[in-house]
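Beneath this line is the structure, given in structure tokens, with notes to follow.
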Amino acid sequence: MVPEVAVLLLGASIVGPLIIAAAVLALVGAGAVWLAGGQRRSARIRAGWQRQQVEAAQQPEAERDPLDELSTDELRLRAGSVLVAADNAVSSSEQELLFAQASYGEERIKPFQQDLEEATRHLRQSFSLQQQADQTPQDQQDEIRDLYKRIIHHCEQLDQTLTAHQEEFEGLRSLERDPTPALEQLQTRIDEFSRRRRTAEDALETMAQKYDDDALAQYRDNLTQSQRALESAEQEHRRAAEAVQAGDTAAAVVALHSGEQAAADVQRLVESMEQTEDRLAQARKNIEIGITQTEQDIAQAKALRTGTHREELAGPIAAAEQAVAQVRDVLQTQERIDPLRVLHSLEIAHRELDEPLNAIRDQQAKDRRAREVLDHELVSARNQVESAADYLRARRYGISATARTRMAEAQRCLAEAHERAEGEPARALDYAQQAGQLAAQAAQIAQREIAEGNLAHGGQVVIGGGHYGTGGGFGGMGYGYGYGRRPGGYGMGRAARTGMRMGRMAHRGRRF
């Protein structure tokens, strides 16, 4: 609440006007002093700023960071842009390594796997910094600017890591010399994913008998998305085959990279669908466990309320009892349900009851209680995190840095929960609950962004965002994400890189 300004009513005495006049004169005098002081301060600030500008201009160019010339809003946009590009590059690199490993074995891709691991560390640090920036109060502009600059520099290091052995990686795959083996491998993957997608489509009819439309909305969307991505992979495969027949190796390589990215999207979507049924079945089991645990806490809370007269427990007890009753009614109807939504509603009521109980329990009681519910919470959090991660990965071209940051933080919290489960069950429980909440936020943000993107394209779902084959992987983060530190920014597009590399090879008289 903003405090009201107290207005002092002066009595109708003869001293009233004198007091007011004196007060006015005092305010005028104080104002004059304040204005004079303010002018002096402003002059000192301007002089100091001018000195800083002169000193900065006298610094060698190599010591000056061009990011300092950007406003905070420009830094925020730049950091978000490079963070999205870095995340896409790491994802593309993972898929390229899978293709290379299938052809050449794990031993020959070790150097590139090490590059990917280092790039992934930079990516995690960047997401952690973005999370800190999101949580930093807006009046701390210096801290926020520093975080954005560190994000950009980490992404620059990530790009340099992925491009360090670019030519060696491309030489390993030898696509420019003979794209035929990669063409055959892409066809094999297309056939495999097409078969698995048909199996997932057949499973939908059975699942629809147990789960409602909300529970299967993402599954159906994945079917649609996977079909479009599959068609893109097939189209790029045809283009590559035609280019090989025409002797246009450069065009064949570009089409192959594009087809491989599309096939990777099909794989993600199919794997997500294959895991959905298990997640829904596990959530259905967890509902029964959740009911039992919530009823135990309700009994304990009632006993404490009676014995210690803690009336603050009355509201949470009533809410938990109502949630349990509603869930039991849903289960008894035998109607189709969304078990994840039902479980989530029960967990919210349970946590609201758990909070005042934890304020009363000692640490041993908290740990004992945490151990009782931790396994259930870890399974629930893992289902939420994996489901949200699948959604974001398969639609990564339309997802902002904000959703990706929440997702990365959810994954970090889930890892912390597993790591602390044995020795610090209460802390582990907190981390598991945070992971589930952050994953839900990431999915909600991503769904809103996808919906807005679809509206911008007339309601048509855009697969891959038109980005298949435009960069990423061991060529770096794609063209257009740099800020002027070197020509071309953070790497070039796949086609440009391939053309330049093949041009150099031709100039040296090499055949491919």
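- Using a 4.5 Å heavy-atom threshold, the side chains of Pro339 and Tyr211 count as touching.
- Other residues, nucleotides and ligands contribute only 12 or fewer heavy atoms inside 6.0 Å of the NE2 atom of His344.
- Within 6.0 Å of the CD atom in Gln135, the count of heavy atoms belonging to other residues, nucleotides or ligands exceeds 12.
- Atom CD of Glu260 and atom CD1 of Ile190 lie 10.0 Å apart (nearest 0.5 Å).
- The closest donor-acceptor contact from the side chain of Thr120 to the backbone of Leu116 lies under 3.5 Å.
- Here the closest non-hydrogen pair linking Leu313 and Ala301 is CD1-O, 3.6 Å.
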- Show the numbers, then the answer: is there a salt bridge (charged side-chain N to carboxylate O under 4.0 Å, His left out) between Arg412 and Glu409? CA-CA 5 Å; Arg412 186 191 69 80; Glu409 187 67 7; 2.7 Å; yes
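- Side-chain contact between Leu147 and Gln130 is absent, with no heavy-atom pair separated by less than 4.5 Å.
- If you take CG on Asp329 and CD on Glu335, they are separated by 11.0 Å, rounding to the nearest 0.5 Å.
- Using a 4.0 Å cut-off between charged side-chain N and carboxylate O, Asp146 and Arg150 make a salt bridge.
- For the atom pair OG of Ser380 and CD of Gln433, the computed distance is 9.5 Å after rounding to the nearest 0.5 Å.
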- Walk me through it: do Glu96 and Phe169 pass the test side chain to side chain contact (heavy atoms under 4.5 Å, CB included)? CA-CA 10 Å; Glu96 288 200 66; Phe169 184 78; 3.4 Å; yes
- Task: Start with the C-alpha distance between Arg198 and Ser194, add both sets of side-chain angles, then the distance that settles side-chain hydrogen bond (donor to acceptor under 3.5 Å, both in side chains), and finish with yes or no.
- Result: CA-CA 6 Å; Arg198 287 194 298 271; Ser194 180; 3.0 Å; yes
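- In this structure, the side chains of His154 and Leu83 stay at 4.5 Å or more apart for every pair of heavy atoms.
- For the pair Ser387 (side chain) and Gln384 (backbone), a donor-acceptor distance under 3.5 Å is absent.
- Using a distance-only test at 3.5 Å, with no hydrogens or angles considered, no donor-acceptor pair links the side chain of Ser128 to the main chain of Arg124.
- By the 6.0 Å contact criterion, CD on Glu117 is enclosed, its count of non-hydrogen atoms from other residues, nucleotides or ligands being greater than 12.
- Ile152 places a side-chain heavy atom less than 4.5 Å from the side chain of Leu75.
- For Arg268 and Ser272, the side-chain atoms include no donor-acceptor pair closer than 3.5 Å.
- No side-chain donor-acceptor contact under 3.5 Å links Glu231 and Gln235.
- Other residues, nucleotides and ligands place no more than 12 heavy atoms under 6.0 Å from the CD atom of Glu106.
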- Item | Full working for side-chain hydrogen bond (donor to acceptor under 3.5 Å, both in side chains) between Ser400 and Glu449 | CA-CA 8 Å; Ser400 72; Glu449 291 170 348; 2.4 Å; yes
- Task: Please test Phe127 against Met407 for side chain to side chain contact (heavy atoms under 4.5 Å, CB included), starting from the C-alpha separation and ending with a verdict.
- Result: CA-CA 9 Å; Phe127 277 127; Met407 191 70 255; over 6 Å; no
- Hey, mind stepping through Leu158 and Leu162 against side chain to side chain contact (heavy atoms under 4.5 Å, CB included) and telling me if it holds? CA-CA 6 Å; Leu158 180 152; Leu162 290 181; 3.8 Å; yes
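- Between the side chains of Glu271 and Gln267, a donor-acceptor pair is found at a separation under 3.5 Å.
- Annotation for Phe193 and Val270: closest pair O-CG2, 4.1 Å, computed over non-hydrogen atoms.
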- Query: Would Glu295 and Arg328 count as a salt bridge (charged side-chain N to carboxylate O under 4.0 Å, His left out) if you check the C-alpha gap in whole Å, the side-chain angles of each, and the deciding distance to 0.1 Å?
  - Reply: CA-CA 12 Å; Glu295 288 179 333; Arg328 286 197 179 280; 3.0 Å; yes
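- Inspection of the Gln141 and Thr72 side chains reveals an N or O donor paired with an N or O acceptor under 3.5 Å.
- Remark: the backbone N or O of Gln157 is paired with a side-chain donor or acceptor of Thr161 at under 3.5 angstrom.
- Residues Val385 and Ala435 come closest through the heavy atom pair CG2-O, 3.8 Å.
- Contact check for Glu347 versus His376: side-chain heavy atoms found under the 4.5 Å cut-off.
- Judged by distance alone, with hydrogens and angles left aside, the side-chain atoms of Arg145 form a donor-acceptor pair with the main-chain N or O of Leu70 at under 3.5 Å.
- Looking only at side-chain heavy atoms (C-beta outward), Glu156 and Val82 stay at 4.5 Å or farther from each other.
- In terms of modelled atom types and a separation under 3.5 Å, the side chain of Glu74 and the main chain of Ser71 share a donor-acceptor contact.
- Taking CG of Leu97 as the start and CZ of Phe112 as the end, the distance is 8.5 Å to the nearest 0.5 Å.
- With Gln261 contributing its side chain and Ser92 its backbone, the two residues share no donor-acceptor pair below 3.5 Å.
- Judged purely by atom type and a 3.5 angstrom limit, Ser91 has no side-chain atom pairing as donor or acceptor with the backbone of Asp87.
- In this structure a side-chain-to-backbone donor-acceptor pair under 3.5 Å is present from Arg404 to Ile399.
- A donor-acceptor pair under 3.5 Å is formed between the side chain of Ser126 and the backbone N or O of His122.
- The residues Arg196 and Glu192 are annotated as salt-bridged, a charged nitrogen and a carboxylate oxygen being separated by less than 4.0 angstrom.
- Pairing each heavy atom of Leu216 with each of Ala208, the nearest pair is CD1-CA, 3.6 Å.
- Each of Arg351, Arg371, Arg382 was scored for a salt bridge (charged side-chain N to carboxylate O under 4.0 Å, His left out) with Glu377, with one residue passing: Arg351.
- Looking at Gln218 and Thr276, their side chains never come closer than 4.5 Å, going by heavy atoms from C-beta outward.
- Gln131 contributes atom CD, which lies 10.0 Å from atom OG1 of Thr402 (distance to the nearest 0.5 angstrom).
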- Task: Assess whether side chain to side chain contact (heavy atoms under 4.5 Å, CB included) is satisfied between Thr294 and Glu321, documenting all intermediate values.
- Result: CA-CA 8 Å; Thr294 304; Glu321 287 180 326; over 6 Å; no
- Given salt bridge (charged side-chain N to carboxylate O under 4.0 Å, His left out), test Glu416 with Arg420 step by step and report yes or no. CA-CA 6 Å; Glu416 286 277 1; Arg420 297 174 183 270; 3.0 Å; yes
What donor-acceptor contacts under 3.5 angstrom involve side-chain atoms of residues 277-291, with partners at least two apart or in another chain?
| unit_1 | atom_1 | unit_2 | atom_2 | d |
| --- | --- | --- | --- | --- |
| Arg279 | NH1 | Asp390 | OD2 | 3.1 |
| Arg279 | NH2 | Gln275 | OE1 | 2.7 |
| Arg279 | NH2 | Asp390 | OD2 | 2.8 |
| Gln282 | NE2 | Asn286 | OD1 | 3.3 |

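- Contact of the Val342 side chain with the Leu346 side chain is not registered, since no non-hydrogen atoms from C-beta on lie closer than 4.5 Å.
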- Could you walk me through whether Arg393 and Glu94 pass salt bridge (charged side-chain N to carboxylate O under 4.0 Å, His left out), step by step? CA-CA 12 Å; Arg393 274 196 301 267; Glu94 291 172 347; over 6 Å; no
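- A distance of 10.5 Å separates NZ of Lys110 from CD of Gln113, quoted to the nearest 0.5 Å.
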